[in-house]
Protein chains: 2
Amino acid sequence: PRVTEVLFFPCESSCTEGLLSAEDASGDHCLCGVPHAVRRDSFSRLLSHLLSARVSLDVCVFSFSHLELSRAVQLLHARGVCVRVITDRDYQAINGSQIGALRKAGICVRHELSGAVHMHHKFALVDGRLLLSGSLNWTLTAVQSNQENVLVTDDPAIVAPYRTHFQRMWEDNDPA
Amino acid sequence: PRVTEVLFFPCESSCTEGLLSAEDASGDHCLCGVPHAVRRDSFSRLLSHLLSARVSLDVCVFSFSHLELSRAVQLLHARGVCVRVITDRDYQAINGSQIGALRKAGICVRHELSGAVHMHHKFALVDGRLLLSGSLNWTLTAVQSNQENVLVTDDPAIVAPYRTHFQRMWEDNDPA
Ligand SMILES: [Zn+2]
Ligand SMILES: [Zn+2]
């Protein structure tokens with residue numbers, strides 16, 4: 001069945017401990033006090049789509065400082081999912097960036113080597129077949145404070161050009 | 001026929017005088033020296049989609065300083081197309097913003113009245129049926145210097161939530 005979903009932000013904070021905990025954990029031991037039952041909020045939906053990756057996750061995002069999104073990416077990497085991250089040259093070094101943590105976890109991260117002013121994309125590809133794309137940077141301000149949108153689609157006519165573009169960027173920005 | 005197109009930027013500069021001139025003008029008198037024949041570049045495609053509006057154009061964009069995009073929007077307004085623009089509270093006042101020019105031309109512009117940190121969307125709706133959405137702000141840097149993407153689609157399942165969201169934002173940010 002075709003997936004078509006548009007997620008709008010800001011999103012009220014909800015606890016995603018249950019989603020992020022190991023699959024056999026219930027998340028019920030969490031002391032956060034935020035209801036766990038409601039998982040229809042935009043951030044939980046975003047996280048669920050990312051965590052559905054079984055083979056690969058390609059992330060192409062200007063700024064990446066969101067702690068739970070970083071945990072999700074590291075969790076997928078630990079599960080054996082092939083994770084590739086492309087980010088902006090300048091923003092990878094800013095305070096709070098998760099890029100260093102991803103690299104330390106052994107995840108392949110590349111940044112723009114070209115003269116482009118900014119790598120301003122905000123999209124991700126799950127298993128090469130589900131696209132998440134929009135205005136949302138992977139930051140707490142974007143998720144909780146800004147008006148933002150993320151389209152989630154598995155329409156091959158839409159996904160294919162992003163997949164091709166990611167692959168080209170990945171190859172073009174090989175530092176080796 | 002279904003429209004599905006993904007435009008990637010940066011885009012080499014091409015002259016869009018032919019597109020922006022009145023419909024009976026050929027644009028051939030332009031002295032720019034840039035070839036007019038090639039109209040397959042991303043910016044010309046973006047402009048063409050916007051200029052295809054016959055009834056309405058809804059623009060929801062964080063920063064808007066691009067001169068030719070401003071001309072296009074004013075041209076549509078002059079043609080009788082119903083134009084509505086929502087922009088960020090803070091960025092409407094920055095140097096080079098076209099928001100003042102749009103207002104002077106009689107175009108309705110609203111900005112976030114809520115406490116949202118930023119209105120960070122970058123999408124537009126042509127005649128309520130064609131969506132242009134992605135990472136691209138309407139600035140010269142975005143078009144000519146950044147890595148950016150814009151999805152163009154008329155899939156009703158995708159367009160409808162953006163249309164509903166725009167209408168809600170428009171009503172919520174009525175200053176009256
Ligand atoms: Zn909790
Ligand atoms: Zn010219």
Side-chain angles (χ1 to χ4, degrees), chain A residues 2-11 42 60-63 86-89 111-123 131 133-137 139-166 168-169 172-173, chain B residues 2-11 42 60-63 86-89 111-123 131 133-137 139-166 168-169 172-173:
Chain A
R2 182 56 54 87
V3 176
T4 304
E5 195 174 344
V6 183
L7 307 174
F8 291 102
F9 297 83
C11 169
S42 293
C60 191
V61 67
F62 173 61
S63 58
I86 302 177
T87 193
D88 188 62
R89 188 180 51 245
H111 62 268
E112 270 295 301
L113 298 173
S114 79
V117 172
H118 282 305
M119 198 304 293
H120 200 243
H121 292 301
K122 305 102 170 47
F123 71 86
L131 171 74
S133 181
S135 65
L136 188 89
N137 282 303
T139 70
L140 201 60
T141 299
V143 169
Q144 292 191 352
S145 306
N146 287 352
Q147 296 273 1
E148 307 271 7
N149 70 86
V150 177
L151 167 66
V152 184
T153 179
D154 63 355
D155 181 346
I158 296 174
V159 176
Y162 285 92
R163 199 172 51 221
T164 303
H165 190 72
F166 187 94
R168 180 149 17 116
M169 290 187 78
D172 286 351
N173 295 302
Chain B
R2 183 56 56 85
V3 176
T4 304
E5 194 174 345
V6 183
L7 307 173
F8 291 102
F9 297 83
C11 170
S42 292
C60 191
V61 66
F62 174 60
S63 57
I86 302 177
T87 194
D88 188 62
R89 186 180 51 244
H111 60 269
E112 269 294 302
L113 298 173
S114 79
V117 172
H118 283 303
M119 196 305 291
H120 199 242
H121 293 300
K122 304 102 172 46
F123 71 87
L131 172 74
S133 181
S135 64
L136 188 89
N137 283 304
T139 70
L140 201 59
T141 299
V143 169
Q144 293 191 352
S145 307
N146 287 353
Q147 296 273 2
E148 307 271 7
N149 70 85
V150 177
L151 167 66
V152 184
T153 179
D154 63 355
D155 181 345
I158 296 175
V159 176
Y162 285 91
R163 199 172 50 220
T164 304
H165 191 71
F166 186 95
R168 180 148 19 114
M169 289 187 78
D172 287 352
N173 294 302

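Note that this is a predicted model, so its numbers are computed, not measured. All chains are named by letter (A, B, ...) in the order of the sequence lines, taking the proteins before the strands, and each is independently numbered beginning at 1.
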* To do: On the 0 to 90° scale, with breaks at 30° and 60°, tag the H121(B)-F8(A) ring pair as parallel, tilted or perpendicular.
  => perpendicular
* Which atoms of P10(B) approach chain A - backbone, side chain, both or neither, heavy atom under 4.5 Å -> neither
* Structure fact -> Distance col, row N149(B):CG vs F123(A):CZ, nearest 0.5 angstrom, shows 6.5 Å
* Does one side chain, of N146(B) or H118(A), offer a donor that lies under 3.5 Å from an acceptor on the other? -> no
* Structure fact -> Output for pair (N137(A) CG, S135(B) OG), nearest 0.5 Å, gives 9.5 Å
* Begin with the C-alpha distance, continue with both residues' side-chain angles, and end with the deciding distance and a verdict on side chain to side chain contact (heavy atoms under 4.5 Å, CB included) for S133(A) and L151(B). => CA-CA 9 Å; S133(A) 181; L151(B) 167 66; over 6 Å; no
* Looking at E112(A), M119(A), E148(A), which has the largest count of heavy-atom pairs under 4.5 Å with chain B? -> E148(A)
* Asked: What residue, out of V150(B), I158(B), D88(B), has the most heavy-atom pairs lying under 4.5 Å from chain A?
  -> I158(B)
* Just checking, any donor-acceptor pair under 3.5 angstrom between side chains of H120(B) and Q147(A)? -> no
* Check whether F62(A) gets within reach of chain B through its side chain, its backbone, both or neither, counting any heavy atom under 4.5 Å. => neither
* **Heavy-atom closest contact (A157(B) atom, T4(A) atom, distance)** => O-CG2, 3.7 Å
